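Take a look at the structure set out below.
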Amino acid sequence: MTEETMTKGTEELNKMVANATANQEEKERFSIENDDQLKWAFQMMEEKRKEIRAKKDMIQQAIDYYEGQIKDLRKDIDYFKGLAMQYAEEQADEDPNWSFKESPYGRIIRKKEKTDLVVSDEQALINHLKGTEFVEHVEEDKLKWGDLKKTLSTPDGEHVVNDDGELVDDVTVVTNPSVLVMKHKNAKDSWVEKED
């Protein structure tokens, strides 16, 4: 290859670069006509891939940085929660009906004692109720707990009975004690216990 041919090739490549990078319309009108232009197109693609990788790295670094800050902020929240709950416990020891609702930023309320029914042996309950409206059979038997639970009661607070007064052995009564809970407003302006 002569020097004149190389110079001409370099000039041609420079024109291609200028034309191809000038604007999007130019990129759309450009067409590859020889192997050198094809090599150049591959080189451009590789440079764009490197740019993408670099931007992804920058995004990940920013995510890591902000996740670290969020972790530190959550530690601060836990610290203040601990202080607030310690105070609340002291107040509740003096007055069992104590609650705090005077702040737009947070509340401490007492959740009352709650009794709930829990299935202790689901398969035994399915076997006992097979053939009723409370057991659904698709590929295997499945307990329709929501429907069944509506028909159960605990007349003495310890034993579970159905509508007919029959004792249901595979369901137990669980009592959750009264507890103090802290609430704050979430982004939707609702009072919630869980952190965002």
Side-chain angles (χ1 to χ4, degrees), residues 1-89 100-109 111 114 116 118-119 122-123 126 135-147 149 176 179-196:
M1 191 179 276
T2 66
E3 192 174 314
E4 184 180 305
T5 308
M6 285 176 53
T7 304
K8 189 175 179 185
T10 303
E11 288 174 2
E12 188 176 299
L13 282 175
N14 287 338
K15 285 180 186 176
M16 284 188 329
V17 170
N19 288 337
T21 58
N23 60 41
Q24 187 61 32
E25 289 177 22
E26 291 296 320
K27 287 181 185 179
E28 291 173 8
R29 284 192 260 162
F30 179 77
S31 64
I32 295 174
E33 296 174 1
N34 59 45
D35 289 354
D36 286 337
Q37 291 175 352
L38 180 59
K39 286 178 194 174
W40 173 82
F42 280 121
Q43 180 182 353
M44 291 294 103
M45 286 186 275
E46 186 56 31
E47 286 180 19
K48 299 304 175 191
R49 286 185 192 101
K50 285 178 183 176
E51 283 183 47
I52 289 170
R53 284 192 292 269
K55 294 203 183 302
K56 284 183 176 180
D57 287 345
M58 288 174 62
I59 290 169
Q60 189 58 53
Q61 288 173 7
I63 288 170
D64 293 345
Y65 172 76
Y66 287 113
E67 282 179 348
Q69 286 195 333
I70 289 170
K71 185 177 178 181
D72 291 342
L73 292 168
R74 289 201 189 283
K75 285 180 186 176
D76 291 346
I77 290 170
D78 289 342
Y79 172 74
F80 288 113
K81 271 186 175 179
L83 294 175
M85 289 307 288
Q86 181 180 354
Y87 174 79
E89 294 291 340
F100 181 81
K101 298 178 183 176
E102 289 82 33
S103 170
Y105 306 112
R107 297 178 169 181
I108 296 178
I109 61 168
K111 274 191 175 178
K114 181 181 172 191
D116 201 7
V118 177
V119 177
E122 186 170 339
Q123 191 56 52
I126 288 172
V135 176
E136 178 180 42
H137 182 78
V138 183
E139 290 180 16
E140 60 183 53
D141 292 333
K142 181 181 176 193
L143 183 65
K144 295 167 82 177
W145 175 241
D147 294 341
K149 189 174 180 180
N176 298 315
V179 292
L180 290 173
V181 292
M182 185 179 300
K183 294 188 172 198
H184 69 279
K185 285 201 173 181
N186 65 7
K188 295 179 181 176
D189 209 29
S190 300
W191 290 101
V192 295
E193 291 177 49
K194 290 182 109 182
E195 292 296 331
D196 298 337

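We count residues from 1, following the sequence as given. Here the structure is a predicted model, which means the values were calculated and not measured.
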Enclosure of M45 CE (heavy-atom neighbours >12, cutoff 6.0 Å): yes
Rounded distance (nearest 0.5 Å) linking atom CD1 of I32 with atom CZ of F42: 7.5 Å
E136 side chain reached by D141 side chain, heavy atoms, under 4.5 Å: no
Any V119 side-chain heavy atom under 4.5 Å of L143 side chain: yes
Pairwise side-chain hydrogen bond (donor to acceptor under 3.5 Å, both in side chains) hits with a residue in residues 58-71, at least two apart: Q60-D64, Y65-Q69
Over 12 non-hydrogen atoms of neighbours within 6.0 angstrom of NZ in K144: yes
I109 CD1 to E193 CD distance, which is reported to the nearest 0.5 Å: 7.0 Å
Residue pair K56 / E51, side-chain heavy-atom distance below 4.5 Å: no
Chi angles and distances behind the side-chain contact (heavy atoms from CB on, under 4.5 Å) call for W191, K185: CA-CA 4 Å; W191 290 101; K185 285 201 173 181; 3.4 Å; yes
Min side-chain heavy-atom separation E89-L180 under 4.5 Å: yes
Distance (rounded to the nearest 0.5 Å) between K39 NZ and N34 CG: 9.5 Å
Salt bridge flag under 4.0 Å for residues E47 and K50: no
Interatomic spacing from CG in D72 to CD1 in I77 - rounded to 0.5 Å: 11.5 Å
Between CZ on residue R107 and NE2 on residue H184, distance to nearest 0.5 Å: 12.5 Å
More than 12 heavy atoms from other groups under 6.0 Å of CG on D57: yes
Donor-acceptor contact below 3.5 Å, side chain Q37 vs main chain E33: yes
Minimum side-chain heavy-atom gap V181-I108 below 4.5 Å: no
Spacing of CE belonging to M182 relative to CZ belonging to F100, to within rounding of 0.5 Å: 10.5 Å
Any V192 side-chain heavy atom under 4.5 Å of K183 side chain: no
Stepwise side-chain contact (heavy atoms from CB on, under 4.5 Å) test for D116 and K149: CA-CA 10 Å; D116 201 7; K149 189 174 180 180; 2.7 Å; yes
